[in-house]
Protein chains: 2
Amino acid sequence: MYERGDLFNPACGTRVVLDRIGDKWTALAVLLLQHGPLRFTELRDGIGRVAPKVLTQTLRRLERDGLVTREVFAEVPPRVVYALTPMGRSLITPLTTVSNWAEEHINAINTAQSQYDATV
Amino acid sequence: MYERGDLFNPACGTRVVLDRIGDKWTALAVLLLQHGPLRFTELRDGIGRVAPKVLTQTLRRLERDGLVTREVFAEVPPRVVYALTPMGRSLITPLTTVSNWAEEHINAINTAQSQYDATV
DNA sequence: CTGAATCCAGAACGATACTG
DNA sequence: CAGTATCGTTCTGGATTCAG
């Protein structure tokens with residue numbers, strides 16, 4: 001069992017979660033799902049330019065983590081619906097906290113980057 | 001100027017910030033600096049096993065973003081001290097929010113992963 | 001002590017074509 | 001429709017060595 005505060009431990013929960021939400025499409029997928037279930041194509045279109053292989057990887061990881069459910073309907077054409085689990089929904093809050101901070105500071109960050117680059 | 005909510009925009013602030021704190025050592029470095037300035041070696045030892053090149057990259061990016069200051073003392077041997085800027089300190093709160101969520105759910109995530117793997 | 005230089009392995013991401 | 005298969009590129013992180 002993992003013990004809190006063990007930041008040196010590679011299995012540190014914070015690191016695992018940051019690894020996950022830090023990849024390119026995971027956060028976006030979760031935020032897209034916050035208002036209800038979506039099909040594969042709806043997620044793909046909502047995200048924009050993402051290769052189907054990569055979107056599948058993203059969703060499989062979320063499913064494996066217990067954050068998203070995947071429901072397959074045996075129809076023709078097939079229909080697959082993704083939805084957040086309760087744990088997935090609980091992730092919205094911390095994600096929004098980071099998102100709000102980001103939106104509030106992105107202009108300052110961009111400015112800082114420009115100034116830094118000008119000195120180099 | 002970036003407009004909020006434009007999640008499709010690759011320059012989306014949320015994406016930029018998640019990219020940054022999602023890399024391997026950035027969050028850890030910021031958290032280590034939250035209680036005061038540290039030298040290069042202190043950060044390296046605090047993080048554990050990290051190549052100097054990678055730690056330098058991490059700190060340079062944070063400096064470029066305006067989140068960390070780098071102060072060089074012209075001594076022998078040289079001394080370089082890193083510290084959080086006000087904006088860097090303001091990042092502690094959202095980072096802690098995510099960290100808390102992670103610590104609260106990491107056991108559930110590990111369990112979900114084990115169950116998922118058992119079915120595949 | 002603080003890093004810069006170099007080389008390397010692996011992962012992430014992407015483009016495209018194809019299938020049940 | 002919802003993927004899988006394949007191939008290729010780019011990026012990240014790591015090990016090691018050397019320098020001011």
Side-chain angles (χ1 to χ4, degrees), chain A residues 7-12 15-29 32-33 37-65 68-83 116 120, chain B residues 7-12 15-29 32-33 37-65 68-83 116 120:
Chain A
L7 290 170
F8 303 88
N9 189 340
C12 165
R15 269 205 226 167
V16 172
V17 171
L18 284 176
D19 267 6
R20 182 67 70 255
I21 67 177
D23 69 25
K24 199 162 182 180
W25 306 117
T26 293
L28 198 41
L32 282 172
L33 287 171
L38 292 173
R39 303 178 58 168
F40 187 86
T41 310
E42 294 172 324
L43 282 164
R44 191 196 55 198
D45 296 345
I47 285 177
R49 193 160 305 163
V50 59
K53 188 195 71 172
V54 175
L55 182 56
T56 299
Q57 284 175 349
T58 301
L59 293 168
R60 287 289 194 281
R61 273 196 294 256
L62 284 169
E63 188 191 0
R64 179 168 181 265
D65 290 341
V68 157
T69 58
R70 176 174 177 270
E71 191 176 6
V72 182
F73 294 87
E75 305 171 354
V76 179
R79 183 163 57 101
V80 179
V81 173
Y82 294 90
Y116 182 92
V120 183
Chain B
L7 289 171
F8 303 88
N9 188 339
C12 166
R15 271 205 226 166
V16 171
V17 170
L18 284 175
D19 266 6
R20 181 67 71 256
I21 68 178
D23 69 24
K24 198 161 181 181
W25 307 117
T26 293
L28 198 41
L32 282 173
L33 287 171
L38 292 174
R39 301 178 59 168
F40 186 86
T41 310
E42 293 172 326
L43 282 164
R44 192 196 56 199
D45 295 344
I47 286 176
R49 193 161 304 165
V50 59
K53 188 196 74 172
V54 176
L55 181 56
T56 299
Q57 283 176 347
T58 302
L59 293 169
R60 286 288 194 283
R61 273 195 295 255
L62 284 169
E63 188 190 1
R64 179 168 181 265
D65 290 341
V68 157
T69 58
R70 176 174 178 271
E71 190 175 6
V72 182
F73 294 87
E75 305 170 356
V76 180
R79 182 163 58 102
V80 179
V81 172
Y82 294 89
Y116 182 91
V120 183

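Each chain gets a letter, A, B and so on, in the order the sequences are listed, and its residues count up from 1.
Spacing between atom CG of A:D45 and atom P of D:dA2 amounts to 10 Å, rounded to whole angstrom units. In this structure, CZ of B:F40 is placed 11 Å from P of C:dC1, rounded to the nearest angstrom. Between B:Q57 atom CD and C:dA4 atom P there is a gap of 10 Å when expressed in whole angstrom units. Taking atom CZ of A:R60 as the reference point, atom C1' of D:dA5 lies 14 Å away to the nearest angstrom. Between A:L55 atom CG and C:dC13 atom C1' there is a gap of 13 Å when expressed in whole angstrom units. For A:L18 and D:dT12, the CG to P distance is 16 Å, given to the nearest whole Å. If you take CZ of A:R20 and P of C:dA11, they are 14 Å apart, rounded to a whole angstrom. Atom CG in A:D19 sits about 14 Å away from atom C1' in C:dG10, given to the nearest Å.
Among the nucleotides D:dT16, C:dG14, C:dG20, the one closest to the side chain of B:P52 is D:dT16. Checking C:dC1, D:dG3, D:dC1 against the side-chain heavy atoms of A:T41 singles out D:dC1 as nearest. For A:D23, the listed nucleotide lying nearest its side chain is C:dC13; candidates were C:dC13, C:dC1, C:dG14.
The backbone N or O of A:R60 sits nowhere less than 3.5 Å from a side-chain atom of A:E63 that would complete a donor-acceptor pair.
Both A:P78 and A:T56 lie close to DNA chain D; mapped to their nearest nucleotides by heavy-atom distance, the more 5′-ward contact belongs to A:P78. Nearer to the 5' terminus of DNA chain C, by closest-nucleotide assignment, is the contact made by B:E42 (compared with the other of A:A51 and B:E42).
At the phosphate of D:dC11, neither OP1 nor OP2 sits under 4.0 Å from any side-chain N or O atom of B:R61. For B:R44 and C:dC1, the shortest distance from a side-chain N or O to OP1 or OP2 is not below 4.0 Å. A close approach under 4.0 Å does not occur between any side-chain nitrogen or oxygen of A:R70 and OP1 or OP2 of D:dA2.
Partner of A:T26 under the side-chain contact (heavy atoms from CB on, under 4.5 Å) criterion, chosen from A:D65, A:L59, A:L62: A:L62.
Between B:D19 and A:G22, the shortest heavy-atom contact is OD1-O, 3.8 Å. Heavy atoms only, all atoms of each residue included: A:G46 and A:L32 are closest at C-CD1, 3.7 Å.
When heavy atoms are screened at a 4.0 angstrom cut-off, B:Y82 is found touching the sugar-phosphate backbone but no base atom.
Between the side chain of A:K53 and the base of D:dG3, no donor-acceptor pair under 3.5 Å is found.
Separating the CD1 atom in B:I47 from the CD atom in B:E42 is a distance of 12.0 Å, to the nearest 0.5 Å.
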